[in-house]
Amino acid sequence: MSAGRRAGWLLRTNRVLGARPRYRRLTAFAADFDADGVTPSVSVSTLSRWENRVTTVPGAAVRRYERMLDLRPGLLVAVNDTVARYLTPPTQAVPPWARHRRPNPGAPLDELVDLAVTEAVLGSEEWDRLTELLAVRPQLILSPASTWQRLSERLLTEMCIADGVSWMRRAEAFHRLIVHPVGQRAAMTAAAAAAADTSAQSLIGTLGVFSASAHPDASSSVVRHLTEPLTDRTFYGALLTSVKKLRFGHFDDRQTASLLPILCALVAAGGGERTSLAARLLQLLPRELQAKVPSRVWAAAMAALWPAAAPVSERLAAETLEAIEEPPPDPLLAVFIGEMLDDPVFDVRLCTMFLLYATPYRAPLAHALARELTATLRRRGHPDRIQRLLDALRILGGAEERRLIESMVLADHLGIAVRDSAAYALGHVGGVSPDDFYRRAFARYAENARHDDSARSASVLDRLVYCMGIGDRRALLGEVVGRPELPARVRTAATWWAGLPAYIRESAAR
């Protein structure tokens with residue numbers, strides 16, 4: 001499904017199901033569209049064409065939807081940019097859908113650059129404006145030349161510790177830097193250094209930014225992390241990034257061929273998230289390389305892509321709609337839920353999660369997913385299905401779902417792989433975990449890490465440190481740093497988080 005069709009669905013869903021019932025009628029929405037005295041008036045037919053993807057929605061119109069529907073500023077813009085950036089070729093720093101978003105010019109470029117290279121607090125709006133102004137000046141020279149590096153490093157650090165809309169907007173801002181004709185080299189250098197920094201925990205995401213660039217150096221960095229992986233997480237990040245690289249032809253013939261034995265080995269090993277991802281990557285290889293895939297590996301790849309599992313998307317869609325007063329028919333809801341749970345590529349699922357996150361479906365769908373997760377645990381369902389449900393709740397869930405996931409982290413009767421997935425999900429799900437939860441979890445897994453399941457238990461501890469960092473729980477991080485009996489990687493990660501400057505933390509939260 002095209003990015004444009006998704007954008008139209010996003011706008012229509014928020015208008016029809018939003019807090020203002022009168023806006024269910026396009027005539028009422030059109031009548032108020034220019035009520036701010038700045039936005040030009042639009043006709044009902046224009047709104048209909050936007051929402052049905054007959055014509056491209058201007059960026060300024062997306063912001064107007066946000067204001068009229070009393071949504072968080074930047075919510076619809078961020079999701080629209082994130083989805084469109086992933087689904088379209090990286091040909092322009094600011095593609096047509098994102099241009100001319102503001103009726104007012106905002107702060108000038110030199111002022112924003114000066115702020116970004118100091119310890120000033122910069123919010124999502126400032127980064128959006130700054131990188132947009134840089135993007136429309138492809139030959140711009142910044143002085144001193146190190147300014148590009150300082151911008152890239154700071155923005156990437158903030159992106160790695162941001163959450164939700166703040167993360168999406170910084171990711172889009174960094175993507176503009178990494179395709180800027182002048183600034184791209186500094187951005188790629190910053191991303192390569194961040195991916196090599198094993199003290200940081202966002203190694204998958206830092207490699208993901210290379211997907212926005214068609215530059216040969218970006219492709220070389222990705223392939224290097226596949227053939228000579230630094231860590232297990234950088235390897236997975238490189239696999240994910242390769243999906244877009246292959247789809248848009250970024251790899252040269254030698255680089256593409258180097259993927260074949262890696263992908264075949266992953267499929268032959270079987271089991272888990274990486275098998276289905278490798279299978280999808282095999283589908284994206286040129287035909288002459290696909291012909292070299294052993295028949296048994298190809299059969300296993302197809303089985304991994306289409307596992308025999310009972311579809312739940314229609315049922316979850318029905319449960320979600322039942323919780324909404326007088327919902328109009330929405331056949332795409334089940335399609336998106338299916339994609340969110342079943343697509344073999346996590347980045348595709350993530351984009352769809354963000355799409356659903358930005359609609360009134362979010363809370364009722366999260367409740368339905370939590371019920372499905374509880375039922376799956378009760379019948380001892382497959383760990384891969386449990387992980388997919390946890391992944392979705394990581395983005396869509398609220399405080400109620402957080403309590404469920406906390407209980408999973410502490411549930412000894414669950415497999416360690418499931419508990420590790422639950423700890424990972426806690427990093428971004430809504431709500432706040434009490435200090436007591438973290439201390440209980442740390443006591444349990446620290447003991448386990450000294451005996452059985454040491455590697456897996458250390459992974460859970462590492463996930464919990466990430467949760468503390470994202471939640472800015474500095475006191476808890478200090479406790480971790482001061483415990484020499486903990487695994488070194490866990491204390492190193494806590495030290496990294498604890499050492500972040502206050503202005504970086506405060507900026508990333510905005």
Side-chain angles (χ1 to χ4, degrees), residues 3-44 46-53 55-85 94-107 122-132 162-173 176 324 330 336 351-363 395-396 430 509-510:
R5 188 177 181 192
R6 292 166 191 262
W9 177 87
L10 178 66
L11 296 181
R12 182 181 183 277
T13 301
N14 275 282
R15 176 182 61 79
V16 172
L17 300 180
R20 300 190 177 186
R22 66 184 295 264
Y23 284 160
R24 287 196 173 199
R25 294 181 296 110
L26 267 179
T27 51
F29 196 69
D32 290 353
F33 205 78
D34 61 350
D36 60 353
V38 177
T39 307
S41 62
V42 295
S43 65
V44 172
T46 296
L47 291 172
S48 179
R49 288 195 297 272
W50 288 345
E51 294 183 4
N52 290 286
R53 189 47 184 116
T55 58
T56 301
V57 185
V62 178
R63 284 185 175 268
R64 184 61 183 146
Y65 269 76
E66 290 174 348
R67 292 192 297 273
M68 292 181 67
L69 299 173
D70 297 323
L71 299 174
R72 172 178 173 174
L75 173 63
L76 301 185
V77 168
V79 172
N80 191 32
D81 283 354
T82 298
V83 172
R85 178 71 69 175
V94 180
W97 79 79
R99 292 179 181 163
H100 312 302
R101 293 201 290 222
R102 297 174 188 76
N104 300 312
L122 255 65
S124 302
E125 188 70 21
E126 286 79 20
W127 279 116
D128 186 57
R129 177 66 178 164
L130 168 56
T131 54
E132 195 171 66
D163 186 23
V165 173
S166 296
W167 178 86
M168 283 187 274
R169 299 188 75 183
R170 282 170 174 78
E172 171 60 21
R176 295 172 189 164
I324 295 175
D330 190 349
F336 289 138
C351 285
T352 308
M353 292 174 206
F354 282 140
L355 195 71
L356 292 163
Y357 167 91
T359 70
Y361 291 134
R362 177 187 177 184
I395 302 300
L396 299 175
R510 295 191 177 191

Give, for atom [atom1] of [X] and atom [atom2] of [Y], the distance between the pair rounded to the nearest 0.5 Å.
X: R72; Y: S166; atom1: CZ; atom2: OG; result: 4.5 Å
X: Y357; Y: L10; atom1: OH; atom2: CG; result: 12.5 Å
X: E66; Y: N14; atom1: CD; atom2: CG; result: 9.0 Å
X: T13; Y: R6; atom1: OG1; atom2: CZ; result: 12.5 Å
X: L47; Y: N52; atom1: CG; atom2: CG; result: 10.5 Å
X: T359; Y: R12; atom1: OG1; atom2: CZ; result: 12.5 Å

(Q) Within the 3.5 Å criterion, strictly below it, is a donor on R176 or T131 matched to an acceptor on the partner's side chain? (A)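 Judged by distance alone, the side chains do pair up.
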
Q | Donor-acceptor side-chain pairing of T82 and R85 below 3.5 angstrom | A | no

Q. Going by the angle between their ring planes, with limits at 30° and 60°, are Y23 and F29 parallel, tilted or perpendicular?
A. perpendicular

Q: Indicate the ring-plane relationship of W9 and F336, choosing parallel, tilted or perpendicular according to the 30° and 60° boundaries.
A: perpendicular

Salt-bridged, [X] to [Y], with N to O below 4.0 Å?
X: E126; Y: R510; answer: no
X: D70; Y: R20; answer: yes
X: D128; Y: R63; answer: yes

Closest non-hydrogen atom pair between [X] and [Y], with its separation:
X: R170; Y: L122; answer: NH2-O, 3.1 Å
X: L26; Y: E51; answer: CD2-OE2, 4.1 Å
X: A30; Y: S43; answer: CB-C, 4.4 Å

Donor-acceptor pair, distance only, cut-off 3.5 Å: does the side chain of [X] make one with the backbone of [Y]?
X: E172; Y: A78; value: no
X: R53; Y: A7; value: no
X: R24; Y: V16; value: yes

(Q) Working note: L396 + Y361, criterion side chain to side chain contact (heavy atoms under 4.5 Å, CB included); need CA distance, chi angles, decisive distance, verdict. (A) CA-CA 9 Å; L396 299 175; Y361 291 134; over 6 Å; no

Q: Check the pair R362 / L356 against side chain to side chain contact (heavy atoms under 4.5 Å, CB included), numbers first and verdict last.
A: CA-CA 6 Å; R362 177 187 177 184; L356 292 163; over 6 Å; no

Q. Would you say V62 and Y65 make side-chain contact, with heavy atoms under 4.5 Å?
A.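 No. Closest side-chain heavy atoms not under 4.5 Å.
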
Q.
So P58 and W50, do their side chains get closer than 4.5 Å, heavy atoms only?
A. yes

Q: Show your reasoning for whether side chain to side chain contact (heavy atoms under 4.5 Å, CB included) applies to V83 and F354.
A: CA-CA 8 Å; V83 172; F354 282 140; 5.6 Å; no

Q. Under the salt bridge (charged side-chain N to carboxylate O under 4.0 Å, His left out) criterion, do D32 and R22 qualify, and how do the steps go?
A. CA-CA 11 Å; D32 290 353; R22 66 184 295 264; 2.5 Å; yes

Q: Start with the C-alpha distance between R15 and L11, add both sets of side-chain angles, then the distance that settles side chain to side chain contact (heavy atoms under 4.5 Å, CB included), and finish with yes or no.
A: CA-CA 6 Å; R15 176 182 61 79; L11 296 181; over 6 Å; no

